[in-house]
Visitor: 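Here it is, the structure, as structure tokens.
Remember, it's 1-based here, ligands and their atoms both numbered in the order they're listed.
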Amino acid sequence: MKIETDVCIVGAGVAGAALATYLGRKNLRVAVVEKNMAERDVIIGELLQPGGVEMLEKMGLQDVLNGYDAQPVEGYALFMNGEQFTIRYPYGKSGRGFRNGKFLQQLRAAMLREPNVTVTEGTVTNLIEENGKISGVIYTPKNSDSPQEIRAALTVVCDGMFSAFREKLSASEKKVTSYFLGLILKNCPLPYKNYGHVVVAEPSPFLLYPINSTETRMLIDFPWPEPPRKSPELTDYLETKIAPQLPAQVLPSFREALREAKFKVMPNHHIPAKPLQKSGVVLLGDSLNMRHPLTGGGMTVALTDVKHLGDLLAQAGNLANSQILNQAIASFYANRHRHNATINILADALYGVMRNEDLKKACYEYLRRGGVYAQEPISILSAISRDVNLLLSHFFAVALYGIRQVWRSGLSSNALKRSRNMLRDAVHIVGPLVMNERPSWKWKYPIKAGQLILR
Ligand SMILES: Cc1cc2nc3c(=O)[nH]c(=O)nc-3n(C[C@H](O)[C@H](O)[C@H](O)COP(=O)(O)OP(=O)(O)OC[C@H]3O[C@@H](n4cnc5c(N)ncnc54)[C@H](O)[C@@H]3O)c2cc1C
């Protein structure tokens, strides 16, 4: 069987299912191949930031947030050394906490309802390349050994973090920054209902947020090169190092989860977007670009890209015209940084800050001041604001605030050394992240100079 279509999508994950629905509604013919249509049980993608909710609304997909006990998330509570404070998302906006599998099945149901969209369960094994152009895919349907093909004007590859096609279509190197160990806490009374909880812990942070009315997701960062494995040592680590840093009321549910020992572990990747532009194909979602999940930004980036790419393709009209199609792809790759740079930079910069004692403390104290010191950074984290200038101004203001705090206890050679180290580390944490996002000269040259001076 050979299908001819406008767009072929590889993978009906968050990006693929949303794009198929959006394009189908714009009267494009779409064929989707998805490896596994069953509901998945994963620890990824369970907190959608308000900026992601807004993207769903803009695409007319807001209904996928209903019908499975998703929880509103109204801001963050931060904990450090027994102290705590909260920051609400601005403008009364809220995000959502949910089981990723439930959310994705709702997105897929919307996709399956679209008459212009055909979905096949199967695994894409190859991209068809002819005269330097990708003209479709070869896939093996589920429960079959005979490969089939789909011919399309455009192939969109969104096969997720372990993409089989990234190497061919991107110059990016995949780096594992840490691992998240995920647990479910049952009937856990969070200190702040409907808030994400970040514990700025030793040696690395952990997160708690509601994913339905009875379950809380807990993600614990493991900053070492090897993933944590189920063992008596791991249980001992969780009991002796993590439990003492948890808010007291969470402890009974945490201990129960330790007894059940249903842990899941995922690697956290850093993949800057460096696509190799090729005719007839585009990379999207985690196969294109990944950042640390500490700030829960991945789905918001994916949905932002879906909206942006979908609009460009709908405007292009005739996708059979390679020149017009290639212009749309070039425009997508060239401009996506404007929408996503803040989310990408903040995620890995904040993770870098959490790994540096002086900056970590400075960041916590800075946010605790409240007012614009909390509201503007949270508007960036939630993707309500996508203003890179605002993000970088606050990032360097945190370092300067930390320096001021150090000087308060007297000027000494140690204070000067710590101050210099804070500034140097801030520049070296954020510098490479900014360069990945096509910065304006206003930031590019001062940061490059800073990197050279503060070696
Ligand atoms: C530990 C962790 C926690 C995270 N938490 C959050 C969070 O709280 N909030 C947030 O916004 N983001 C979070 N993220 C990131 C988020 O999950 C991803 O950015 C998002 O899921 C990306 O969507 P995607 O469609 O690119 O990939 P996916 O949703 O993974 O979809 C890829 C799809 O492709 C299919 N597929 C793969 N290969 C093939 C093939 N050869 N043929 C056919 N189909 C194929 C897969 O079956 C899958 O359905 C987290 C990530 C991690 C690692």
Visitor: Verify the distance criterion only: is there a donor paired with an acceptor across the side chains of Arg40 and Asn100 at less than 3.5 Å?
Guide: yes

Visitor: Should you measure from each heavy atom of Ile43, which atoms of ligand 1 turn up under 4.0 Å away?
Guide: 3 (C)

Visitor: Within ligand 1, which atoms have a heavy atom of Asp286 less than 4.0 Å away?
Guide: 18 (C), 19 (O), 20 (C), 22 (C), 26 (O)

Visitor: Answer side chain, backbone, both or neither: which part of Met299 comes under 4.0 Å from ligand 1, heavy atoms only.
Guide: both

Visitor: If you measure only the distance, is there a donor-acceptor pair under 3.5 Å linking the side chains of Asp311 and Tyr22?
Guide: yes

Visitor: Just to confirm my output: which protein heavy-atom neighbour is closest to atom 38 (N) of ligand 1, and how far is it?
Guide: Asp159 CB, 3.5 Å

Visitor: Taking the six-membered ring for Trp, is the centroid-to-centroid distance between Tyr195 and Tyr209 below 6.0 Å?
Guide: no

Visitor: Any ion pair linking Glu83 and Arg368 (charged N to carboxylate O, less than 4.0 Å)?
Guide: yes

Visitor: Is there a heavy atom of Pro267 sitting under 4.0 angstrom from any atom of ligand 1?
Guide: yes

Visitor: Assess the residue pair Asn344 and Asn436 against the criterion (side-chain hydrogen bond (donor to acceptor under 3.5 Å, both in side chains)); give the C-alpha distance rounded to whole Å, side-chain angles, the decisive distance to 0.1 Å, and a yes or no.
Guide: CA-CA 9 Å; Asn344 283 336; Asn436 288 333; over 6 Å; no

Visitor: Could you identify the single nearest non-hydrogen protein atom to atom 25 (O) of ligand 1 and state the distance to 0.1 Å?
Guide: Ala15 N, 2.9 Å

Visitor: Looking at Leu294, Val200, Val199, which one forms a side chain to side chain contact (heavy atoms under 4.5 Å, CB included) with Pro205?
Guide: Leu294

Visitor: Among all the protein's non-hydrogen atoms, which is closest to atom 5 (N) of ligand 1, and how far away is it?
Guide: Gly45 N, 3.1 Å

Visitor: Run the numbers for me: atoms of ligand 1, each under 4.0 Å from some heavy atom of Val33, listed by number.
Guide: 43 (C), 44 (N)

Visitor: Heavy atoms only: give me the nearest Ile345-Leu433 pair and the separation to one decimal.
Guide: O-CD1, 3.7 Å

Visitor: Using a 4.0 Å cut-off to any heavy atom of Gly160, which atoms of ligand 1 qualify?
Guide: 27 (O), 32 (C)

Visitor: Got the closest protein heavy atom to atom 52 (C) of ligand 1, with its distance?
Guide: Ile44 CG2, 3.4 Å

Visitor: For ligand 1, is any non-hydrogen atom under 4.0 Å from Pro293's backbone (N, CA, C, O), its side chain (CB onward), both, or neither?
Guide: side chain

Visitor: May I ask you to list the atoms of ligand 1 that are less than 4.0 angstrom from any heavy atom of Asn268?
Guide: 1 (C), 53 (C)

Visitor: Give the residue, atom name and distance (to 0.1 Å) of the protein heavy atom nearest atom 8 (O) of ligand 1.
Guide: Leu47 N, 3.1 Å

Visitor: Quick one: which ligand 1 atoms are inside 4.0 Å of a heavy atom on Phe180?
Guide: 1 (C)

Visitor: Under a 3.5 Å cutoff, is there a donor and acceptor pairing between the side chains of Asn212 and Thr214?
Guide: yes

Visitor: Over 60° means perpendicular and under 30° means parallel, so tell me whether His197 and Tyr192 are parallel, tilted or perpendicular.
Guide: tilted

Visitor: Among all the protein's non-hydrogen atoms, which is closest to atom 23 (O) of ligand 1, and how far away is it?
Guide: Val14 CB, 3.8 Å

Visitor: Determine the interplanar angle of the Tyr89 and Tyr76 rings, folded into 0 to 90°, and report it as parallel if under 30°, tilted if 30 to 60°, perpendicular if over 60°.
Guide: perpendicular

Visitor: Aromatic rings Phe98 and Phe103: how do their planes relate, parallel, tilted or perpendicular, breaks at 30° and 60°?
Guide: parallel

Visitor: Measure across Gly310 and Leu23 and return the closest heavy-atom pair with its distance rounded to 0.1 Å.
Guide: CA-CD2, 3.8 Å

Visitor: What part of Arg108, side chain, backbone, both or neither, has a heavy atom within less than 4.0 angstrom of ligand 1?
Guide: side chain

Visitor: Quick test: of every protein heavy atom, which one is nearest to atom 40 (C) of ligand 1, and how far off is it to 0.1 Å?
Guide: Val124 N, 3.8 Å

Visitor: Is the contact between Leu104 and ligand 1 made by the side chain, the backbone, both, or neither, using heavy atoms and a 4.0 Å cut-off?
Guide: neither

Visitor: Under 4.0 Å from a heavy atom of Tyr209: give me the atoms of ligand 1 that qualify, with their elements.
Guide: 8 (O)

Visitor: I'd like the name of whichever of Gly97, Gly52, Gly95, Gly13 reaches closest to atom 33 (C) of ligand 1 through any heavy atom.
Guide: Gly13

Visitor: Any chance the side chains of Ser178 and Asn268 put a donor and an acceptor closer than 3.5 Å?
Guide: yes

Visitor: Which part of Gln49 is near ligand 1, with near meaning a heavy atom under 4.0 Å away: side chain, backbone, both or neither?
Guide: neither

Visitor: Does even one non-hydrogen atom of Ala164 get within less than 4.0 Å of ligand 1?
Guide: no

Visitor: Would you say Lys35 has any N or O atom under 3.5 Å from an N or O of ligand 1, going by distance alone?
Guide: yes

Visitor: For a quick check under 3.5 Å, do Asn36 and Glu34 share a side-chain donor-acceptor pair by atom type?
Guide: no

Visitor: Yes or no: does Leu48 have any heavy atom under 4.0 Å from an atom of ligand 1?
Guide: no

Visitor: Report the relative orientation of the aromatic rings in Phe222 and Tyr237; use parallel for angles under 30°, tilted for 30 to 60°, perpendicular for over 60°.
Guide: tilted

Visitor: Could you find the nearest protein heavy atom to atom 15 (C) of ligand 1 and give me its residue, atom name and distance?
Guide: Gly298 CA, 3.9 Å

Visitor: Decide whether the shortest distance between a heavy atom of Gly122 and an atom of ligand 1 is less than 4.0 Å.
Guide: yes

Visitor: Short list, please: which atoms of ligand 1 are under 4.0 Å from a heavy atom of Met161?
Guide: 53 (C)

